[in-house]
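See below for the structure under consideration.
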Amino acid sequence: MVIKDRKVGARTPESEPFRAPIHADTLFFDTTVLPAADYQVIGMEAEIAYKFAKDLPPRAEPYSREEVLDAVESVHPAFEIVDTRFAGFGSQEWFSHMADQFNHGALVVGPAIADWRSLEPLKERVALVVDGETKADTVAGNSAGEPVRLLVWMANTGAVSLGGLKAGDVVTTGSHVGTVMVPAGSTSVAVYGTMGTYELTVK
């Protein structure tokens, strides 16, 4: 199974981040429909994903925030589908779920937004609407705090054992609405304050 891209998150804005691989067969671009039969549970998370244009290979001197941002090509709305390979969601201890890609089912990356440099993630309002009903509506809803600190950590720590970040890599930076469990057949719409909307049906 090919490791294509990565997810990164943290429990609090001050805590050490963690990361997990995303396999090529669970990564989708500009997709609006996925088959529900592929998932045991369907947890929807509205996220912000960053695509890199330049390599950031491991080096002795840490990359600065600006160097990491200068390596970014584009920013995208994204859905992560939370799933589990265990019999029950959340049924195992931390390290088992880490091995389960932190409950990863799929990453669906939407179109690039214009003028991403003006994006302020801590001020971005993000709502999740499922079949017309608002299930979450937050500002600064990412438990990790600002996503860019996660990218800097990936460049200097998280991706070092993997040869660093590479041009073409997509890194998604955690949910801004928590995890909302949805039934098969439902349509979820992520509504961003400045990034537009992105829709995904799992049926």
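On a predicted model such as this, the values are computed, not experimentally measured, just so you know.
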Asp131 side-chain N/O to Ser186 backbone N/O, donor-acceptor pair under 3.5 Å: no

Least distance between heavy atoms, Glu14 atom then Arg149 atom: N-NH2, 4.0 Å

Within-4.5 Å side-chain heavy-atom neighbours: Leu34 and Ile81: yes

Closest non-hydrogen atom pair between Ala155 and Val68, with its separation: CB-CG2, 3.9 Å

Check: Asp137 and Arg125 side chains under 4.5 Å, non-hydrogen atoms: yes

Least distance between heavy atoms, Gly110 atom then Tyr198 atom: CA-CZ, 3.6 Å

Results of salt bridge (charged side-chain N to carboxylate O under 4.0 Å, His left out) for Lys135 - residues two or more places apart only: Glu133

Arg19 (side chain) donor-acceptor with Gly158 (main chain) under 3.5 angstrom: yes

same_hphob_cluster(Val189, Val180) at 4.5 Å side-chain heavy-atom cutoff: no

Side chain proximity check, Leu128 to Phe79, heavy atoms < 4.5 angstrom: yes

Pro62 backbone acceptor or donor facing Asn156 side chain under 3.5 Å: no

Pairwise side-chain contact, Asp30 with Pro111, heavy-atom cut-off 4.5 Å (strictly under): yes

Pair Lys123-Glu146, salt bridge (Lys or Arg N to Asp or Glu O under 4.0 Å): steps then yes or no: CA-CA 10 Å; Lys123 296 180 180 179; Glu146 190 200 23; over 6 Å; no

Check: Asn142 side chain, Ala144 main-chain N or O, donor-acceptor pair, under 3.5 Å: yes

Derivation of the salt bridge (Lys or Arg N to Asp or Glu O under 4.0 Å) call for Asp70 and Lys54: CA-CA 8 Å; Asp70 284 344; Lys54 302 175 184 177; 5.9 Å; no

Heavy-atom check, side chain of Leu165 versus side chain of Met154, under 4.5 Å: yes

Shared hydrophobic cluster for Val160 and Leu56 (ILVMFWY, side-chain gaps under 4.5 Å): no

Distance-only side-chain donor-acceptor flag, Ser118 / Asp115, under 3.5 Å: yes

Spatial distance of atom CG (Leu69) from atom OH (Tyr50) [nearest 0.5 Å]: 7.5 Å

Where Thr157 and Glu16 come nearest, the two heavy atoms and their spacing: CG2-OE2, 4.4 Å

Ionic contact status for Glu67 with Arg59, cut-off 4.0 Å: yes

Test item: Val8 and Trp153 side chains (from C-beta on) under 4.5 Å apart, heavy atoms: yes

side-chain contact (heavy atoms from CB on, under 4.5 Å) evaluation trace for Leu107 with Lys7: CA-CA 9 Å; Leu107 178 66; Lys7 55 186 283 188; over 6 Å; no

Val109 reachable from Trp116 in the ILVMFWY side-chain graph, under 4.5 Å edges: no

Ser175 vs Glu47, side chain to side chain donor-acceptor pair (under 3.5 Å): CA-CA, chis, key distance, verdict: CA-CA 5 Å; Ser175 180; Glu47 308 201 358; 5.2 Å; no

Under 3.5 Å: donor-acceptor pair, side chain of His176, backbone of Val126: no

Salt bridge flag under 4.0 Å for residues Lys51 and Asp169: no

Thr173 side chain to Ile48 backbone, donor-acceptor under 3.5 Å: yes

Under 3.5 Å donor-acceptor, Glu124 side chain and Gly193 backbone: yes

From Leu151 atom CG to Tyr63 atom OH, the distance as rounded to the nearest 0.5 Å: 14.0 Å

Heavy-atom check, side chain of Phe52 versus side chain of Val171, under 4.5 Å: yes

Considering all heavy atoms, the nearest Gly145-Leu122 contact: C-CD2, 3.8 Å

Cationic N near anionic O, under 4.0 Å, Glu73 to Arg117: no

Heavy-atom pair with the smallest gap, counting every atom of Ala167 and Asp55: N-OD1, 2.7 Å

Test item: Asp83 side-chain N/O and Val41 main-chain N/O as donor-acceptor pair under 3.5 Å: yes

Val130 and Met44, any side-chain heavy atoms less than 4.5 Å apart: no

Qualifying residue, where the test is side chain to side chain contact (heavy atoms under 4.5 Å, CB included) with Thr201 and the options are Thr32, Thr31, Thr187: Thr187

Evaluation steps, side-chain contact (heavy atoms from CB on, under 4.5 Å), between Met181 and Ile42: CA-CA 6 Å; Met181 294 298 180; Ile42 306 168; over 6 Å; no

